[in-house]
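The next block holds one structure in the form of structure tokens; read it before the comments.
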Amino acid sequence: MADAAARAAENGTSGLPQFDLNQWPGQMVWMLVIFGILFLLFRYVFVPKVGGTIADREDTIGGDIKEARRLRDEAEAQAQAAAEEVAQARARAQRLAADAKAAAGAEAERRRAEEEARLAQILTAAEARIAEARAEAMTHVRGIAAETAEAIVARLTGAAPDAAEVERALAGVS
């Protein structure tokens, strides 16, 4: 290091070529050449590649957004169609339920009418049997009344009444 400082002192330089004014014109030329090469590389190679990549990416993103919107619209259309189908199915189900309810009501009404008719026949037959039993019982009432009257008179008087007297007494009551 001492040798480099001694040589620099002999040549009259400070030791750093950047600060040596005698070397500036050559450094300027090389700086302009390197700057020009870098400028041309950036201008015709790097920037177009980056710009092309950016443009391709924008196109891809734009296409993806367009495709997403198309798919969204398609999905909305399918959802709307599905909603309409559900509404139609619900309406059909309600109609079927109403028809089934009406049919069940008609069947129940028919069965009720049949049961009422059957019960009316049973009631008519029962009333006829009751009327027949009453008529038969009424035929026996006169005989029972005569026997009862004879028994009461016999018990009260101690003597059995005559059948003709009992008949006369019963004729006056009826």
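For reference, positions follow the sequence shown, starting with 1.
- The number of heavy-atom neighbours closer than 6.0 Å to CD of Glu132, taken from other residues, nucleotides and ligands shown, is 12 or below.
- Atoms CD1 and CG, from Ile37 and Leu32 in turn, are 11.0 Å apart once rounded to the nearest 0.5 Å.
- Connectivity analysis of hydrophobic side chains (ILVMFWY, heavy atoms under 4.5 Å, direct or indirect) links Ile61 to Ile65.
- Proximity of Gln27 to Met31: side-chain heavy atoms (C-beta onward) are nowhere separated by under 4.5 Å.
- Annotation: the span from Leu38 atom CG to Phe46 atom CZ amounts to 8.0 Å, rounded to 0.5 Å.
- The side chain to side chain donor-acceptor pair (under 3.5 Å) search around Glu136 returns none, not counting sequence neighbours.
- Of the inter-residue distances, the one linking Tyr44 atom OH with Phe39 atom CZ reads 7.5 Å to the nearest 0.5 angstrom.
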Table please: side-chain donor-acceptor pairs of residues 144-157 below 3.5 Å, with sequence neighbours left out.
unit_1	atom_1	unit_2	atom_2	d
Thr148	OG1	Ile144	O	2.7
Thr157	OG1	Val153	O	2.5
Thr157	OG1	Ala159	N	3.3
Thr157	OG1	Ala159	O	3.1

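- Around the CZ atom of Arg43, the shell of radius 6.0 Å holds no more than 12 heavy atoms that belong to other residues, nucleotides or ligands.
- A side chain to side chain contact (heavy atoms under 4.5 Å, CB included) with Glu76 is found for exactly one of Arg72, Gln78, Gln80, namely Arg72.
- For Glu115, the side chain to side chain donor-acceptor pair (under 3.5 Å) criterion is met by Arg118, not counting sequence neighbours.
- Sequence neighbours left out, the pairs with a member in residues 89-113 that pass salt bridge (Lys or Arg N to Asp or Glu O under 4.0 Å) are Glu107-Arg110, Glu107-Arg111, Glu109-Arg112, Arg110-Glu114, Arg112-Glu116.
- With sequence neighbours excluded, the residues satisfying salt bridge (Lys or Arg N to Asp or Glu O under 4.0 Å) with Arg70 are Glu67, Glu74.
- The CG atom of Asp64 lies 10.5 Å from the CG atom of Asp59; values are rounded to the nearest 0.5 Å.
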